[in-house]
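What follows is a single structure, written as structure tokens, with notes after it.
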Amino acid sequence: MSPREPIVAGNWKMNMTWASAVRLAQTVSDYCEGSYANMEIVMCPPFTCLKGVQNVLDFDRSDILLGAQNVHEEMPDGTAACTGEISVEMLKDLDCSFTIIGHSERRAANGETDELVNQKAKLLLDRGITPIICVGESAEVNDRGESIKFVTSQVDAALDGLLPEQVASLVIAYEPIWAIGTGNIPSPEGADTVCGAIRNQIMQKFGHQAAQSVRILYGGSVKPENAKYFFSMDNIDGGLIGGASLDAKKFVEIVRICYDLKCR
Ligand code: PGA
């Protein structure tokens, strides 16, 4: 039995129309019904499909939780002059329990900096939504053997100014950029070492309780075929799943593997 509640979260990225999102959510909900106590299953559809997925989960009285893939970094100031943005209040309104922030795709394509990730983390925690903070190094950094240095500095910046109890409640996803969507994966021991270093860093800065409670996921080409290697590692509390989360069978198989290894 894992000391922390495991999580498997699906990051649907920029996939799915309303109809296909509803179908996928319905199938995952049907497959999971009543089977996975003591772990959290999260689906993070694009903004346009949040309501559709929420309807399915509500109707089924499902334990599956809803997550978003991003949020604007500021509380609306009354003018709401942020065309094209989605506020934390809008996500609360749809019962989002989680929000992914700092995904490497957003860092690369949308200039999301460590400071911005920190601002978003604070805002989400203030409003009772759990951030899933993504960190991860490039292939070049990995080749130089500097993954731990790079990733722990991202974690430091993202958590700057938070209280230990806030850190205890959040989720970090370690996603090596070179493993995302490529089929290339680190050795499970290598991923566990980085996740252990993140936990250790949190221990130094925020104390034992925060380090023991914070959940750290691995993400990057997790599939049913390799999930067991990652989920059998002590410092890895579950996974952030991209491509395989778009296939209900594969996603639920990954959930089952996590449950079998961490919840029994
Ligand atoms: P992948 O994506 O599982 O398709 O590699 C993971 C992610 O980007 O969160």
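Keep in mind that this is a model prediction, so the values were computed, not measured. Note that ligands are numbered from 1 as they come in the structure, with each ligand's atoms numbered from 1 the same way. Computed over heavy atoms, backbone and side chain alike; hydrogens, waters and symmetry mates excluded. Position 1 is the first residue of the sequence, and the numbers go up from there.
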What atoms in ligand 1 come closer than 4.0 Å to a heavy atom of [X]?
X	value
Glu175	6 (C), 7 (C), 8 (O), 9 (O)
Leu240	9 (O)
Gly243	1 (P), 3 (O), 4 (O)
His103	7 (C), 8 (O), 9 (O)
Lys13	2 (O), 7 (C), 8 (O)
Gly242	1 (P), 2 (O), 3 (O), 4 (O), 6 (C)

> Has ligand 1 got any nitrogen or oxygen that is less than 3.5 angstrom from a nitrogen or oxygen of Lys223?
Replying inline: no
>> Applying a heavy-atom cut-off of 4.0 Å, say which part of Asn11 lies close to ligand 1: side chain, backbone, both or neither.
In response: side chain
>> So is Gly220 touching ligand 1 or not, going by heavy atoms under 4.0 Å?
In response: yes
> Looking at ligand 1, does Ala244 have a heavy atom less than 4.0 Å from it?
Replying inline: no
>> If only side-chain N and O atoms count, and only distance matters, is there a donor-acceptor pair under 3.5 Å linking His103 with Glu112?
In response: no
> So, Gln154 and Asp114: side-chain donor and acceptor under 3.5 Å apart, yes or no?
Replying inline: no
> Would a distance-only check, ignoring hydrogens and angles, find a side-chain to backbone donor-acceptor pair under 3.5 Å from Gln166 to Leu163?
Replying inline: yes
> Which residue pairs satisfy the side chain to side chain donor-acceptor pair (under 3.5 Å) criterion with at least one member in residues 220-236, sequence neighbours excluded?
Replying inline: Arg199-Asn235
>> Quick check: closest heavy atoms across Ala158 and Ala121, and the distance to 0.1 Å?
In response: O-CB, 4.2 Å
> Above 12 or not: heavy atoms from other molecules or residues under 6.0 Å from CD of Glu5?
Replying inline: yes
>> If you define the side chain from C-beta out and look only at heavy atoms, does anything of Pro186 sit under 4.5 Å from Trp178?
In response: yes
